Amino acid sequence: MSPIEFPDTFKLGDRHVSRMGYGAMQLAGPGVFGPPKDRAAALAVLREAIALGANHIDTSDFYGPHVTNQLIREALHPYPDDLVIVTKIGARRGADASWLPAFSAEELTRAVHDNLRNLRIDVLEVVNLRAMHGIHVPAEGSIEAPLTALAELQRQGLVRHIGLSNVTPAQIEEGRRICEIVCVQNHYNLAHRADDALIEQLAGEGIAYVPFFPLGGFTPLQSSILSDVAERLSASPMQAALAWLHRRAPNVLLIPGTSSVRHLRENLAAVELDLPAQSMSALDSIGRPA
Ligand SMILES: NC(=O)c1ccc[n+]([C@@H]2O[C@H](COP(=O)([O-])OP(=O)(O)OC[C@H]3O[C@@H](n4cnc5c(N)ncnc54)[C@H](OP(=O)(O)O)[C@@H]3O)[C@@H](O)[C@H]2O)c1
């Protein structure tokens with residue numbers, strides 16, 4: 001497959017990335033824990049993402065842990081000049097694969113150094129502080145202490161830009177009083193629309209909104225409306241779901257995850273799908289808040 005002509009970009013920190021990227025979480029083993037089932041296939045997915053022209057990869061050192069970043073390094077280092085790797089810190093993995101908060105200054109510092117070492121880079125381009133007050137839905141609670149610690153790592157030159165993940169509007173406001181916030185990464189897709197108003201607000205402020213679980217995550221999206229729209233467009237349901245997100249707002253950056261080259265190609269090509277207004281409003285009806 002030849003490189004895809006990505007139609008538009010958005011400024012993430014001080015770099016422009018194409019609005020369709022790739023989320024690397026699915027490359028680790030089952031439950032995002034341990035090595036992949038097929039290491040060669042995982043490396044092939046990463047190389048294909050770059051060959052197709054993607055220049056934004058989302059990762060974390062707690063995927064595996066360490067596994068996903070080590071795969072990225074093996075597949076892609078030395079990295080293309082235009083590639084922006086975005087990572088996240090704020091959690092650690094228990095021996096039983098559980099996700100535990102890791103918010104102390106010491107844990108955050110260790111996480112930044114783990115990411116630098118495993119990705120083999122000197123500076124992390126964008127680091128999201130992943131709030132753990134709620135698991136996949138944010139909950140209120142101050143982020144001042146951990147964000148101040150991350151801002152100190154930025155001041156030391158280890159981190160270029162800072163984002164927030166799994167946060168409420170109040171936490172974003174609190175964060176913006178501490179340091180510049182270049183992106184917000186929250187749970188959002190066709191069927192999960194709690195951040196509708198937030199997306200518009202961030203668009204007005206030039207802040208990227210990066211939906212995680214764009215395809216539904218561990219329980220991929222299923223809807224007869226979605227399947228019908230996709231069929232009419234001779235596309236797959238996942239492509240239609242991504243095309244809807246792509247049209248949703250200009251500050252939305254897509255990072256669909258997959259462990260399959262075939263799905264990767266399908267997903268990145270979703271930017272080429274022309275979504276007529278009628279399809280857009282049918283898809284809109286799936287999760288539009290009452
Ligand atoms: N900040 C956070 O807290 C947070 C949380 C979760 C995820 N993330 C980030 O967001 C990225 C995306 O999320 P995600 O990977 O969890 O979920 P996702 O992109 O919503 O969906 C991934 C799931 O969809 C399947 N899939 C992908 N493309 C498909 C296609 N074309 N047809 C059929 N099935 C397809 C994948 O299976 P196959 O592997 O078989 O394709 C996988 O099961 C992650 O990679 C990660 O970087 C961040």
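Just so you know, ligand 1 is whichever comes first in the structure, and atom 1 is the first atom listed for that ligand. Given the structure is predicted, the values throughout are model-derived calculations rather than measurements.
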**OP:** Only counting residues at least two apart or in another chain, list the ones meeting ring pair (Phe, Tyr, Trp, His ring centres under 6.0 Å) with Tyr209.
**Re:** Tyr188
Original post:
With under 30° as parallel and over 60° as perpendicular, where do the rings of Trp99 and Phe62 fit, or are they tilted in between?
Top reply: perpendicular
Subject >> Parallel, tilted or perpendicular: rings of His192 and His187 (30°, 60°) >> reply: parallel
Pairwise, report which nitrogen or oxygen atoms of ligand 1 are under 3.5 angstrom from protein nitrogen or oxygen atoms, and how far apart they are.
unit_1: ligand 1; atom_1: 1 (N); unit_2: Ser165; atom_2: OG; d: 2.8
unit_1: ligand 1; atom_1: 1 (N); unit_2: Gln185; atom_2: OE1; d: 2.8
unit_1: ligand 1; atom_1: 3 (O); unit_2: Arg130; atom_2: NE; d: 2.8
unit_1: ligand 1; atom_1: 3 (O); unit_2: Arg130; atom_2: NH2; d: 2.9
unit_1: ligand 1; atom_1: 15 (O); unit_2: Gln26; atom_2: NE2; d: 2.9
unit_1: ligand 1; atom_1: 16 (O); unit_2: Gln26; atom_2: NE2; d: 3.2
unit_1: ligand 1; atom_1: 19 (O); unit_2: Gly257; atom_2: N; d: 2.8
unit_1: ligand 1; atom_1: 20 (O); unit_2: Pro214; atom_2: N; d: 3.2
unit_1: ligand 1; atom_1: 20 (O); unit_2: Leu215; atom_2: N; d: 2.6
unit_1: ligand 1; atom_1: 20 (O); unit_2: Gly216; atom_2: N; d: 3.2
unit_1: ligand 1; atom_1: 20 (O); unit_2: Gly217; atom_2: N; d: 2.8
unit_1: ligand 1; atom_1: 28 (N); unit_2: Asn267; atom_2: ND2; d: 2.9
unit_1: ligand 1; atom_1: 31 (N); unit_2: Glu266; atom_2: OE2; d: 3.1
unit_1: ligand 1; atom_1: 31 (N); unit_2: Asn267; atom_2: OD1; d: 2.9
unit_1: ligand 1; atom_1: 32 (N); unit_2: His263; atom_2: NE2; d: 3.4
unit_1: ligand 1; atom_1: 39 (O); unit_2: Ser259; atom_2: N; d: 2.8
unit_1: ligand 1; atom_1: 39 (O); unit_2: Ser259; atom_2: OG; d: 2.7
unit_1: ligand 1; atom_1: 41 (O); unit_2: Thr258; atom_2: OG1; d: 2.5
unit_1: ligand 1; atom_1: 41 (O); unit_2: His263; atom_2: ND1; d: 2.6
unit_1: ligand 1; atom_1: 45 (O); unit_2: Gly23; atom_2: O; d: 3.1
unit_1: ligand 1; atom_1: 45 (O); unit_2: Ala24; atom_2: N; d: 3.4
unit_1: ligand 1; atom_1: 45 (O); unit_2: Met25; atom_2: N; d: 3.1
unit_1: ligand 1; atom_1: 47 (O); unit_2: Asp58; atom_2: OD2; d: 2.6

**OP:** Share the residues that join Phe33 in a hydrophobic cluster, the rule being Ile, Leu, Val, Met, Phe, Trp or Tyr side chains under 4.5 Å apart at the heavy-atom level.
**Re:** none
Original post:
Gln185 and Asp58: side chain to side chain donor-acceptor pair (under 3.5 Å), yes or no, with the steps?
Top reply: CA-CA 10 Å; Gln185 184 175 122; Asp58 188 80; 2.9 Å; yes
Under 3.5 Å, sequence neighbours excluded: what are the donor-acceptor pairs made by side chains of residues 269-276?
none

